[in-house]
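Here is the structure we will look at, set down as structure tokens.
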Amino acid sequence: MFLTVENVKKSYGKGDAAVKVLDGVSTQLEKGKICTILGPSGSGKTTLLNMIGGLDTADSGKVVIDGKQITGMDPVELEQYRREYLGFIFQFYNLIPNLTLRENIQVCEYLSKESLDIDELLETLGLTEHQKKMPPQVSGGQQQRCAIARALVKNPRLLLCDEPTGALDSHTAQEILVLLEKINQKYGTTIIIVTHNTVIQEMSHKLIRIRDGKIIEDSERTDLRPASSLIL
Amino acid sequence: MVLNKRIFRELKANFARYLALFMLITGGMFACIALSSSADSVVTSVKDFMEHSNVEDGCFSVFVPLSDSEIDELCSSGAEIEKQFNMDMLSDDGSKLRIFQSRKAIDIEHIDSGTAPEQENEIMLESSYAKAHDLHIGDSITLSGKTMKITALGVAPDYDFLLENYTDTAANAEKFSIAFVSGKGYSLLRDVNKDSSEEFLYAYTLPENMTHAQLKKLLDGSELNIAETDDKYISELIDRLFGTNGQFSDTDFNNISFFMQRESNPRIGASLAKVGMYHVGGIITGAVILILFAYICSIFVIGTIEQESQFIGALYAMGVHRKKIMLHYITLPVVITLIGGIIGTVSGCSPLGRGLLTSSVIGPYSVPQVKDHYSVWLLVYGILMPPVLAAAVNFICLRRKLNTEPLRLLRKEQKESRLLNIDLHGMGYFNRFRIRQILRELRITAAMFGAIVMGVLLLMIAIVTYVCIDDLAGKYENEIPYRYCYYMKYPDVGNIPENAEACYSKSLNYTYMDFTLQVTVMGVEENSKRFPFEVSHDKNAVSVAEGTAVKYGLRKGDMFCLHDDVVGTDHNFKVDSIVPYSAGLNVFMNIDTARELFEVSDSCYNMLLSDEELDIDSGRVLSVTTRESMTSAVETLLSDMMPMIIMTGVSALAVYISVLYIMMKMMIDRSAFQISLIRIFGYHSNEIKRLYLDGNTLTVVISAIIALPAAKLIIDLIWPIMVYNQPAGYACEPRLWHYAAIFAVTMLCYYITNSILMRKIRRITPAEVLKDRQ
């Protein structure tokens, strides 16, 4: 199994003020699959994503990726883990404003010896003609495509997407989902998408539904719909 | 307003930044106020002293003392004349004291402590001499075998700068000073010292309607009363010159050996001239610090507004007035700078600041105990200028930024700069990233550049001052071609002692930047062994010593006009050549040419140079100067300047570290989100440092490379002002290693700051991005 999450618990605050965010979460994911994590605000889905991404630490439990247990790693090991394995896509793109789109992608190209060809990525994502522009000079959809290109350029084994369409209109959101699907098929990248949008589950191989820090549904899906057919 | 609770939280959150800003203001105001108030106190004390002591308008000395009737005649014109006869005596430790009788009317000595000498065996020592020799009231001092009891310590206004000779470069109270005795005491010492020469000096003050020239004219008519002196040497001289004995008219022999107005006297008011410079220096230092501070402040404001634009937009949208928001943002910098200004001003006025600098300012001078003087406008400048400036800068920046519509603020929309979009295609990734970062933080880069220029300038001033004076001491040691220099009391035509070289010298005045110094015209022998260079044979041309040429910016072919106070004429000399000699201020010509120019006999000389002590009757000698004493005086000047040199150097380091730290930290704070983001991508701390901090290396290196020649240019402009009252030419030529040392110190300060901030980078975690997300 590519990803194993085993009885992960996480609380914020102390004593009476302590809030359980994850309460014994366990799940698994095969390599090359798309997984959607659904849940209302405050359910713990982003916290789970952060645990997998090595951005947050669990109070107890294990997260194992590709045979490596990342819970318990020190900050330097976590840095190396993120460098080798992960790509991140955020809701608000988080592009570096004083770098051109191409330069933003190069920020992550530098991290991998087996990086993908930037020109090909730009072409695939429809950014070739905008590559020399600064982020504020392009639309939200183009910024998110750039963020995807940035996440993909180092050819990560696991792509973590936190509300990747949350800030986009439905048409652009669909374009982004089509891209993610294409990437999954073309590069075999494992993708985890955290979202409020229940429609996205229809293009995913696996669905995890969280509520109050507990997984209430963990199911494999076989009746996948192509992203281009989703009505967002 | 509830919003203001945020002020304390802002202070807590950015404590290091505000602390550095506070230190910059406190340190800057401390230096400014300490320098200026020390200078103010010295100026006030010295001016009061000069007024109360009835400082002379001028002085003159004669070969033969004036008769009482002549003095009465001069006084009848309204002038006041007082005899200030004096003689040099050696103490047991070899130091020289010029002994005067206590004065009653002009240049009255000031007693710092003790009581005026009344008995014949009592003496008042000049305070800095007593300090240098650890002598106190009640102690004794032996002069030519005669033991005198010290009853007082004090100073005299005509020896503010304790120069043994008017043409000396520096004073050294350990080797030479003055002392006062009663009338009986003077007679007693004259008796035990009768073989040595006595200077017949008179000080004068003029009524408002009388000029120096008018007094000089009256003096020119004075007679040579041989009967007035028991000095056998003047009688011999007159016999030799005129073959007779008796009274002469002014057409035969001018009794005045020198005539000097107060303005031309380097011993009087030298401290005022020097201190005035410190005063201006203090104000300029404060102004530069305030300008730098204002700029840094504006960067803070703009940065804060950009960072908090959404929050401000939200307040706007909800109807909060711009005035209230502005007041909220202005409060903290104004309070911080007000406290910084108060502490800087108070500590600058305290014994710590004022005491430290006063000793450095008055070090080489003999002035009365300095009384603290508080200038109201200086206190207002120190306390109110920083907060007023902070308020003004914040107001201007905030007003511009807060004029933006709420929606633009909410969306964090910022004006795009074309500069940010420049094409860096073909450049390596890291370099491109760094250049983009520099362009993004152009204001910060500019502040760093300003700080580096200022730091380099201060360091260069400190190093150049030290090296120039140190070099001068070395040059004195190597270039002064004699061990002993005998100034003859009367122009001599006798045989020149074996192993000595005779010169004919004349001191003339040169006024530069409204300050008059004496330049010695040295007539030297043909093929002189001691001055092995070609000198002018034309009485309208001179060979200018290198030091003099440096001081007055003279080049071959220039005209150099010197004034003769005694005769009242100008000499327009053409610069014939520049010759390698740095001691004092001198120009050279052939001795025969000099004799012809100054209308003295063919074999006349008034100066003897020798490598060994000469066996000459001390009565013929006015004073003796040694190479050792001249070198030692320059070394003393250097030690007097050390506190100022150290303070300048330390100020440079303080400016470097505080401004670089504040600016680079701000750069990191502004990039915290980005740093956190790329940390999420897997960048290591060292790589983040390469991206975000190492770009500054380029800024610092380029700034230092530009600042070094720029500082040299600035120093070239201000150097003549800094040394305008020094009777020597200091070549301001930093060497390659000086530039290298300044560059190395700059880089070291940068690397120290960089290392401190590396800890800050390590503390930025991926959580920054998550915070923003959540």
Side-chain angles (χ1 to χ4, degrees), chain A residues 12 21 41-42 46-47 49-50 53-57 75-100 102-112 118 131-137 147 150-151 153-154 156 160 162-163 166-167 194, chain B residues 306 310 408 411-425 427-442 667 670-671 673-688 690-692 695 762-774:
Chain A
Y12 291 117
V21 184
S41 290
T46 298
T47 306
L49 192 77
N50 291 340
L55 300 178
D56 208 345
T57 50
V76 177
E77 289 170 324
L78 280 172
E79 246 172 36
Q80 196 57 33
Y81 154 68
R82 287 197 297 269
R83 189 178 181 115
E84 284 175 18
Y85 281 81
L86 301 185
F88 278 93
I89 298 170
F90 303 94
Q91 180 180 358
F92 295 107
Y93 333 128
N94 291 343
L95 296 178
I96 297 175
N98 55 323
L99 297 183
T100 62
R102 187 184 182 91
E103 286 163 353
N104 263 285
I105 299 167
Q106 284 176 321
V107 168
C108 283
E109 182 199 23
Y110 161 78
L111 295 169
S112 172
I118 290 190
Q131 59 176 309
K132 288 185 179 172
K133 290 180 182 167
M134 295 289 176
Q137 295 171 321
R150 180 179 66 183
V153 73
K154 65 174 183 175
L160 302 177
D162 190 0
E163 299 279 10
V194 162
Chain B
E306 283 174 3
Q310 285 168 314
R408 281 176 67 94
R411 287 176 181 163
K412 273 195 162 181
E413 284 178 18
Q414 283 166 23
K415 277 185 188 170
E416 283 166 22
S417 161
R418 282 185 187 176
L419 200 61
L420 290 176
N421 211 2
I422 59 167
D423 189 8
L424 298 172
H425 194 68
M427 200 176 266
Y429 163 64
F430 271 93
N431 285 336
R432 207 172 337 157
F433 194 104
R434 286 175 192 144
I435 288 173
R436 294 259 186 243
Q437 181 66 7
I438 290 170
L439 293 175
R440 179 187 174 217
E441 306 293 3
L442 217 48
M667 205 181 262
R670 279 162 57 86
S671 302
F673 183 85
Q674 291 182 23
I675 292 171
S676 172
L677 186 69
I678 64 169
R679 204 181 269 293
I680 286 175
F681 297 152
Y683 272 74
H684 301 309
S685 291
N686 280 338
E687 288 164 338
I688 295 172
R690 280 178 70 192
L691 290 174
Y692 285 92
R762 284 200 192 98
R763 283 204 297 267
I764 296 175
T765 64
E768 290 291 327
V769 172
L770 303 181
K771 267 190 243 166
D772 193 65
R773 162 69 182 78
Q774 285 158 359

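In what follows, chains carry the letters A, B, and so on, assigned in the order in which the sequence lines appear, proteins first and then strands, with residues in each chain numbered from 1.
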Is there side-chain contact between [X] and [Y], with heavy atoms separated by less than 4.5 Å?
X	Y	value
A:F88	B:L677	no
A:E79	B:E687	no
A:Y110	B:L691	no

Passing option when A:L99 is tested against B:R440, B:Q674, B:R436, B:Q437 for side-chain contact (heavy atoms from CB on, under 4.5 Å) =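 By the side-chain contact (heavy atoms from CB on, under 4.5 Å) criterion, A:L99 pairs with just one of B:R440, B:Q674, B:R436, B:Q437: B:R436.
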Picking from A:Q80, A:E84, A:E109, A:R150, which has the most non-hydrogen pairs under 4.5 angstrom with chain B?
->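 Sorted descending by pairs with chain B, the first entry is A:R150.
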Taking every heavy-atom pair that is under 4.5 Å apart, which of A:I96, A:L86, A:V107 has the most such pairs with chain B?
->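 Of the options given, most contacts go to A:V107.
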Shortest non-hydrogen contact from A:L111 to B:F681?
->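 In terms of heavy atoms, the two residues are closest at CD1-O, 3.3 Å.
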Portion of B:F430 that has a non-hydrogen atom of chain A nearer than 4.5 angstrom |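 Contact with chain A involves the side chain of B:F430 alone.
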Could you state the interatomic distance from CD1 (B:I678) to CG (A:N104), rounded to the nearest 0.5 Å?
->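 Reported value, rounded in 0.5 Å steps: 11.0 Å.
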